[in-house]
2 protein chains.
Amino acid sequence: MTLAATAAGARALPHPTRAEIRLEGLLHALSDPVRLRIVRELAVDSDALFSCSHFDLPVSKSTTTHHFRVLRESGVIRQTYRGTAKMNGLRRDDLDALFPGLLDALLAAAARQAAVVGSG
Amino acid sequence: MTLAATAAGARALPHPTRAEIRLEGLLHALSDPVRLRIVRELAVDSDALFSCSHFDLPVSKSTTTHHFRVLRESGVIRQTYRGTAKMNGLRRDDLDALFPGLLDALLAAAARQAAVVGSG
DNA sequence: GCCGTAGTTTGACATCCGGCGTACTACGAG
DNA sequence: CTCGTAGTACGCCGGATGTCAAACTACGGC
């Protein structure tokens, strides 16, 4: 028993409850290009879980950790440990319940902008 | 003719063109409580114009100027001078054309959160 | 046990942000 | 012309943000 604060097995990760999620926090979280990109990739399959390293981001490992934490703490994603990997999934159920249609509108907007920027 | 750089009559205000509006910028602009509140009030009548002093904001005059500028530079609002007053209006036409449904979803989300926070 | 992979933590750094006050400009009313 | 009102510009401050490198922890495989 070498761990007192780290708990056993799956380390604990603090998530806001559904009621604690604030719109301003969501918008701030999504206003960063790296994070918006992560969310768009996660949204490809809302039920799937992707490890942090699954994403090919243009930032360092520690910055990646930071961005995933911002997303988790603002309520956008849910994170769980699975072995040495940390799995990430969209909190679509909570977001849709809190703000119906918002996530879809945001994803559609992001896709639309990516289409223009990417091809134009 | 005391003015060389200030132009005549209506001073000019730089607005991004429709194509220059970026989703990240919009989300950042709306992630501030004061600015979100301004936008919600403007949205009460999307065609109306309100002067800056029409809003009763919990910040100083210079901070108010700052927030309106962020909103204008991110493409959320359109500003025009009318005498000594500066009139503000939502750029609903541009936003709806760029990101259909997004503004409505955001306003609905803000209203929903305000209802919970305000009454609960 | 040992090592490698995955991710965290810490600390540093530059920048941005929201807030303020003060001094200033612009316009309309007398 | 003078004054009051509306808003701007500037400088300042403290705190948050995004970024990195380096050292560390946790787990799975062998």
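Below, chains carry the letters A, B, ... as their sequence lines are ordered, and counting in each starts from 1. All figures in this text were calculated on a predicted structure; none of them were measured in a lab.
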**Study point:** Atom pair CD (A:Glu41) and CZ (A:Phe55), whose distance is rounded to the nearest 0.5 Å
**Key:** 5.5 Å

**Study point:** Under 4.0 angstrom between A:Thr65 side-chain N/O and C:dT9 OP1 or OP2
**Key:** no

Practice item. Would you kindly compare A:Thr84 and A:Val70 by the position of their nearest DNA chain D nucleotide and give the one closer to the 5′ end? Key: A:Val70

Review point. Which part of the nucleic acid does B:Thr64 contact within heavy-atom distance under 4.0 Å: base, sugar-phosphate only, or nothing?
Key: nothing

Exercise for review: Mind calculating the distance between CG (A:Asp32) and P (C:dT15) to the nearest angstrom?
Suggested key: 18 Å

Review point. How many angstroms lie between atom OG of A:Ser53 and atom NZ of A:Lys61, to the nearest 0.5 angstrom?
Key: 10.5 Å

Review point. In whole angstroms, how far is the P atom of C:dG18 from the CG atom of B:Leu30?
Key: 12 Å

**Study point:** Phosphate-side-chain proximity, A:Ser53 and C:dG7, N/O vs OP1/OP2 below 4.0 Å
**Key:** yes

Study note, to complete from the structure: dist A:Asn88:CG -> A:Gln79:CD (nearest 0.5 Å) comes out at 4.5 Å

Review point. Could you give the CD-to-P distance, from B:Glu73 to D:dA9, as a whole number of Å?
Key: 10 Å

Point to revise | Pairing of A:Asp56 and A:Arg37 as salt bridge, 4.0 angstrom limit | key: no

Review point. In whole angstrom, what separates B:Phe50's CZ from D:dG7's P?
Key: 14 Å

Review point. For A:Thr63 and D:dT19, is the shortest distance between a side-chain N/O and OP1 or OP2 below 4.0 Å?
Key: no

Review point. Just checking B:Arg35: base, sugar-phosphate only, or nothing, at a heavy-atom cut-off of under 4.0 Å?
Key: sugar-phosphate

Review point. Rounded to the nearest 0.5 Å, how far apart are CG of B:Leu102 and CG of B:Leu27?
Key: 7.0 Å

Practice item. With DNA chain C as reference, determine whether A:Arg69 or A:Ser51 sits nearer its 5' end, using the nearest nucleotide of each. Key: A:Ser51

Exercise for review: Remember a base hit wins even if backbone is also touched, and classify A:Ser62 as base, sugar-phosphate or nothing at under 4.0 Å, heavy atoms.
Suggested key: base

Study note, to complete from the structure: Per nearest nucleotide of DNA chain D, the residue lying toward the 5' end, A:Pro58 or A:Gly83, is A:Pro58

Exercise for review: Quickly work out the A:Ile77 CD1 to C:dG7 C1' distance and round it to whole Å.
Suggested key: 13 Å

Check your understanding: Can a side chain N or O of A:Ser60 be found less than 4.0 Å away from OP1 or OP2 on D:dC20?
Key -> yes

Check your understanding: Does B:His67 place a side-chain N or O at less than 4.0 Å from the phosphate oxygens OP1/OP2 of C:dG19?
Key -> yes

Study note, to complete from the structure: note: A:Lys61, atom NZ; D:dC20, atom P; distance rounded to Å ~ 13 Å

Point to revise | Length of the line joining B:Leu36:CG and C:dG18:C1', which is rounded to integer Å | key: 16 Å

Check your understanding: Over how many whole Å does the gap from A:Glu24 atom CD to C:dC17 atom C1' extend?
Key -> 16 Å

Exercise for review: Remember a base hit wins even if backbone is also touched, and classify B:His28 as base, sugar-phosphate or nothing at under 4.0 Å, heavy atoms.
Suggested key: sugar-phosphate

